[in-house]
Amino acid sequence: MELSEQNFASLQKYLYDTLNPDVNVRKPAESFLESVEVNENYPMLLLKLLTRDNVEMTIRVACAITFKNYIKRNWNTDEDAKDRISSNDRLAIKENIVNIMVMSPESIQKQLSDAVSIIGKYDFPTKWPNLITQMVDKFQTGDFYVINGVLHTAHSIFKRYRYEFKSQALWTEIKLVLDNFAKPLTDLFVATMNLTTVHANNKDALKVVYSSLLTISKVFYSLNFQDIPEFFEDNMEIWMTNFHSLLTTDVPCLRTEDDDEAGLLEQIRSQICDNAGLYAQKYDEEFQAYLPTFVTDVWNLLTSTSHLAKYDSLVSNSLQFLATVADRSHYRHLFEDPAVLSSICEKVIIPNMEFRTSDEELFEDNPEEYIRRDIEGSDVDTRRRAACDLVKVLSRYFEEKMMQIFGQYVQAMLQKYSENPGQNWRSKDAALYLVTSLAAKGQTEKHGVTQSSQLVNLTDFCSQHIIPELEKPDVNALPVIRADAIKYIMIFRTVLPREVVVGSFPKLISHLSASSAVVHTYAAAAIEKILAIRGLDHQPLVKKEEVAQLASILLSSLFSALCLPGSSENEYVMKAIMRSFSSLQENVIPYLAELLPKLTEKLALVARNPSKPHFNHYLFETIGLSIRIVCKSTPAAVASFEEALFPIFQGILSQDVQEFIPYVFQLLSLLLELHESGTIPEPYMVLFPCLLVPVLWDRPGNIHPLVRLLRAFIHKGAAQIAESQKITGLLGVFQKLVASKANDHEGFYLIQSLIEHLPTEAVSSYLRQVFLLLFQRLQSSKTTKFVKGLLVFMCFYAVKYGAANLIEMIDGIQPQMFGMVLEKLMIVDMQKISGTVERKITAVGVTKILCECPQMVDGHYARLWSPLLQALIGLFELPKDDSTHPDDHFIEVDDTPGYSVAYSQLNFANKQEHDPLHGVGDARLNLAQNLSKLSVSYPGRLNPLLASGLTDTCRAHLKSYLDGANVQIA
């Protein structure tokens with residue numbers, strides 16, 4: 001791809017089309033841009049285009065976003081995948097991007113900064129050693145527009161230090177950064193602070209200067225997060241004195257008129273509270289001298305800052321700072337005086353727990369965001385959450401004093417509410433929030449509050465102040481209080497008595513019809529979480545029969561809730577539907593004639609434009625669950641599901657709805673697995689050739705469900721597959737999978753299915769090539785996961801075709817090679833094999849090698865008979881060996897992969913574990929019986945081998961197997 005005017009014009013047109021709301025214009029443009037990604041110079045075309053001032057700004061921004069997404073998709077390359085960016089382009093990008101970024105407008109700078117951060121994550125410092133020098137050089141320009149660009153980039157690269165795990169590589173990188181960046185950053189900080197005085201009356205200049213100070217403060221936080229660097233410790237006076245100055249100095253010309261958006265002053269002060277909190281929490285000894293000053297500064301800020309939303313982050317971080325200080329034993333004495341606690345409560349905590357007008361607007365106008373903050377825990381930056389955290393810290397150390405002081409305020413607020421509920425509902429809202437904060441000690445996502453304060457009687461409070469609210473007939477009255485009441489039940493569901501929780505169930509169902517999106521969403525969330533609770537006996541808290549009595553009203557209310565404004569794709573309602581189906585099991589069948597068409601209609605609708613991944617996931621789970629429940633009692637019903645779902649699936653596959661394709665493959669697998677073995681229905685066979693198309697296998701999210709679907713084809717219609725002339729296609733897929741460190745386990749699943757189900761004559765001509773591929777991969781990249789898969793495969797081969805055939809196959813590749821396999825792999829690594837079925841296959845296969853091969857007793861390999869038997873007894877009796885092979889560090893996939901970025905496994909459509917050796921019982925007894933038979937063929941030969949070749953412990957274990965099988969060695 002040349003850097004020609006023609007290509008620039010063409011690129012500009014396609015970028016323009018990607019902004020078109022018409023999907024028929026937008027989709028082809030996006031597909032075209034993705035298809036030319038692999039061309040050399042493509043990224044440089046993008047970078048050059050976005051620098052052109054004569055190009056419309058919207059196109060330049062689209063270009064910057066396209067470039068960032070290109071980097072995100074392609075910069076990091078899996079070891080076994082093709083590099084989609086040429087080495088020349090990689091070099092050119094790194095040479096040019098910093099200069100282009102610092103000279104670009106802010107909207108473009110942001111995208112390029114993100115791209116630099118992504119490149120830096122993989123290439124800095126080893127493949128991009130001059131990045132820091134490139135950036136520091138820009139500090140010398142004195143141009144703060146350029147300097148701010150560099151600071152933004154530094155921030156985007158260094159902020160990962162806040163969450164990276166400690167490692168030698170990380171320390172080495174941070175040391176390199178500090179050696180080259182800490183002093184220039186400190187010098188820049190001092191110079192920039194001086195400019196605040198020089199330009200004190202120049203509003204525009206101050207905006208740029210304070211913008212730099214904000215980013216410098218963020219970079220300071222990142223560089224100090226892992227450990228306190230020596231340079232910053234030595235220069236703490238400079239940093240802390242200036243931080244104090246920024247916290248306390250007012251700059252009138254930087255005050256903003258906007259009541260909602262935080263201005264520069266608020267953002268800087270908020271970041272400095274973060275910085276001070278970091279030092280107070282992690283480096284309290286070094287910070288001790290400065291702490292009282294910052295406590296005073298923060299207290300003054302909290303007591304003088306108004307309730308406007310633009311101060312939220314500042315107040316939240318200030319409260320978090322106080323909570324951090326109160327949590328350190330050195331400083332706890334600052335808070336223990338009841339007068340101080342009372343003052344904190346009155347002046348800081350209660351004012352910041354109040355439900356403000358902005359909260360009410362959010363509740364009504366943006367319920368999704370309100371819910372996200374309130375029950376999903378994304379409210380970390382809200383005043384309420386920070387005040388709640390401060391209450392929890394203080395309650396931990398001064399519980400009785402806190403209960404006494406706060407109890408009075410709670411009573412007063414509840415009294416005020418009872419006098420005029422319509423007018424004073426905010427008082428009850430604050431009281432409920434405060435009680436929740438005080439009472440909750442230990443909490444998990446799965447169980448809600450698991451530990452509560454002994455000083456709060458949650459049951460009495462519930463019966464007096466929560467249940468009465470839920471019993472009021474008008475579910476639309478005082479929606480905030482109703483949401484609070486439902487939330488109380490939801491949070492304390494595992495500590496409240498069963499009769500209270502189950503007794504609230506009908507009341508929660510009635511609130512599904514509330515017009516407030518928050519109220520009916522909370523009701524659905526509470527229903528789902530209560531149905532998921534299991535008691536100490538591991539049985540559901542709400543019995544199946546109890547749910548069945550309410551099934552009609554529960555299901556109709558949940559499906560009606562999906563029709564309420566703003567809830568057509570409500571993930572909480574969909575999850576509650578899924579959980580209700582799961583709880584009801586066969587009791588849901590009478591309702592499915594009415595409900596399934598609604599589910600398929602919803603699926604067809606969301607497939608046009610998938611936008612809510614959680615909703616979509618629960619929708620597919622519910623459909624999978626429905627198939628399972630119905631077909632369990634009526635296997636023939638699978639045809640009805642296919643009739644309803646196939647047209648939708650066909651649309652999803654033909655429209656290439658990438659988010660849904662892995663789900664479709666999982667449901668197709670489930671449906672096909674429910675058919676009797678023998679004949680695969682025609683619609684599936686029409687689809688089969690399409691499943692082997694390489695482009696499908698290029699998407700990581702498709703691989704696991706596709707392999708499962710192919711295995712279902714092989715299992716259910718082995719004869720049809722053999723006749724379809726597609727075995728070479730399947731083996732091509734196997735070859736691609738087994739070459740990949742991430743997906744080799746899927747290759748083993750596939751080849752095992754082929755061997756298990758296809759007629760021997762259909763696969764025998766390919767088997768030598770299979771072994772050659774496996775040994776080539778072993779030679780080029782020996783990982784633990786691959787070795788385990790290879791051992792299980794060879795053992796399964798021995799079970800299926802005989803151990804003698806296995807030896808003949810391997811020795812046919814290279815004479816005496818089977819001995820190396822035994823010595824270097826099987827005996828050494830057998831202990832690493834995990835999984836019940838995998839260990840059983842291994843045990844039965846090794847037993848066949850030991851007991852059915854004359855070469856193992858009399859031939860070349862006799863010396864390995866005893867070590868192999870000892871390894872097998874070790875497999876039975878010793879813990880799994882978790883040691884690894886040198887190549888393992890390249891793999892980022894679990895031994896039992898179930899999730900990848902683009903693939904979410906459906907729990908209710910999952911594959912039942914298949915045991916190809918279900919006819920074999922206990923593998924230990926199988927070994928004993930086969931050894932006994934072998935000893936009959938070789939009388940008097942085995943006992944000396946056992947005596948000299950096994951340890952005493954192994955002989956004792958073997959004796960117990962022989963006794964268990966009631967046999968003996970002749």
Side-chain angles (χ1 to χ4, degrees), residues 207 210-211 213-215 217-218 246-248 250-275 277 297-323 344-391 413 424-434 436-437 478-481 483-484 487 516-518 521-522 566:
K207 276 186 180 177
Y210 272 83
S211 178
L213 288 170
L214 172 60
T215 317
S217 301
K218 290 178 178 179
L246 288 169
L247 267 185
T248 52
D250 189 23
V251 188
C253 67
L254 288 183
R255 291 182 195 151
T256 56
E257 298 298 317
D258 193 328
D259 289 347
D260 296 325
E261 288 296 319
L264 275 172
L265 270 182
E266 291 78 48
Q267 290 178 60
I268 286 175
R269 288 172 173 175
S270 175
Q271 183 58 49
I272 289 168
C273 287
D274 257 357
N275 295 354
D297 294 346
V298 169
W299 179 261
N300 291 336
L301 271 177
L302 283 169
T303 52
S304 62
T305 303
S306 80
H307 279 189
L308 293 177
K310 69 177 178 181
Y311 299 117
D312 284 3
S313 182
L314 170 58
V315 171
S316 167
N317 282 0
S318 300
L319 289 166
Q320 292 289 2
F321 170 74
L322 285 185
I344 290 172
C345 175
E346 187 180 334
K347 295 179 179 174
V348 172
I349 290 172
I350 287 178
N352 287 304
M353 278 195 174
E354 285 175 2
F355 198 84
R356 297 168 302 164
T357 308
S358 59
D359 297 320
E360 193 173 357
E361 287 169 0
L362 196 67
F363 185 95
E364 292 170 356
D365 302 336
N366 192 351
E368 272 191 44
E369 178 59 20
Y370 181 90
I371 291 161
R372 203 169 65 81
R373 291 183 183 184
D374 194 42
I375 62 171
E376 289 183 12
S378 73
D379 58 345
V380 284
D381 290 333
T382 65
R383 295 177 182 236
R384 282 193 136 187
R385 166 54 72 91
C388 167
D389 288 346
L390 181 55
V391 168
M413 288 187 278
N424 300 329
W425 59 266
R426 280 185 170 81
S427 295
K428 180 156 188 176
D429 172 79
L432 293 180
Y433 203 89
L434 195 49
T436 306
S437 306
L478 299 179
V480 174
I481 298 302
D484 289 342
K487 184 183 166 190
S516 161
V518 176
T521 299
Y522 279 22

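Please read all numbers here as calculations on a predicted model, not as lab measurements.
At distances below 3.5 Å, at least one donor-acceptor pair connects side-chain atoms of N275 with backbone N or O atoms of S217. For E266 (side chain) and G263 (main-chain N/O), a donor-acceptor pair under 3.5 Å exists by modelled atom type. When atom types are taken as modelled, the side chain of E354 and the backbone of A430 share no donor-acceptor pair closer than 3.5 angstrom.
The shortest heavy-atom contact between A483 and F363 is CB-CE1, 4.1 Å. Taking both residues in full, the closest heavy atoms of A386 and S316 are given as CB-O, 3.4 Å, listed atom of the first, atom of the second, then distance. Heavy-atom minimum distance, S306 versus Y311: OG-CE1, 3.3 Å. L319 and A387 get closest at one heavy-atom pair: CD1-N, 3.7 Å.
Here the options are L214, I272, D297, the test is side chain to side chain contact (heavy atoms under 4.5 Å, CB included), and the partner is L246; only I272 passes. Just one residue in the list R384, R383, K347 forms a side-chain hydrogen bond (donor to acceptor under 3.5 Å, both in side chains) with N352, and that residue is R383.
Between T256 and E261 the shortest side-chain heavy-atom distance does not fall below 4.5 Å. Considering only heavy atoms from C-beta on, R373 comes within 4.5 Å of L362 through its side chain. Using a 4.5 Å cut-off on side-chain heavy atoms (C-beta onward), L390 and I349 make contact. In this structure, V348 and W299 have side chains that are in contact, with non-hydrogen atoms separated by less than 4.5 Å. Contact of the V391 side chain with the M353 side chain is registered, since non-hydrogen atoms from C-beta on lie closer than 4.5 Å.
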*Apply side chain to side chain contact (heavy atoms under 4.5 Å, CB included) to D250 and L265, showing your working.*
CA-CA 8 Å; D250 189 23; L265 270 182; 3.9 Å; yes
*Criterion side chain to side chain contact (heavy atoms under 4.5 Å, CB included) on F355 and W425, from CA distance to verdict*: CA-CA 9 Å; F355 198 84; W425 59 266; 3.6 Å; yes
_Verdict with supporting geometry, K310 and D258, side chain to side chain contact (heavy atoms under 4.5 Å, CB included)_ = CA-CA 8 Å; K310 69 177 178 181; D258 193 328; 5.7 Å; no
*Audit row: M413, L434, side chain to side chain contact (heavy atoms under 4.5 Å, CB included) steps and yes/no*: CA-CA 10 Å; M413 288 187 278; L434 195 49; 3.9 Å; yes
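One distance of note links CG of L264 with NZ of K207; it measures 8.0 Å at 0.5 Å rounding. With rounding to the nearest 0.5 Å, the separation of CG in N317 from CG in L322 is 11.5 Å. Note that OH of Y210 is 8.0 Å distant from SG of C253, once rounded to the nearest 0.5 Å. To the nearest 0.5 Å, atom CG of residue D312 and atom NE2 of residue H307 are 10.0 Å apart. Rounding to the nearest 0.5 angstrom, the gap separating the CD1 atom in I344 from the CD1 atom in I350 is 12.5 Å. To the nearest 0.5 Å, atom NZ of residue K218 and atom CD1 of residue I268 are 10.0 Å apart.
Between R372 and E368 there is no salt bridge, since no side-chain N of the basic residue sits under 4.0 Å from a carboxylate O of the acidic one. Salt-bridge check for D359 with R356: passed, with a basic side-chain N closer than 4.0 Å to an acidic carboxylate O.
Listed by chain and residue number, nothing satisfies the side-chain hydrogen bond (donor to acceptor under 3.5 Å, both in side chains) test with D365 (two or more places apart in sequence, or in another chain).
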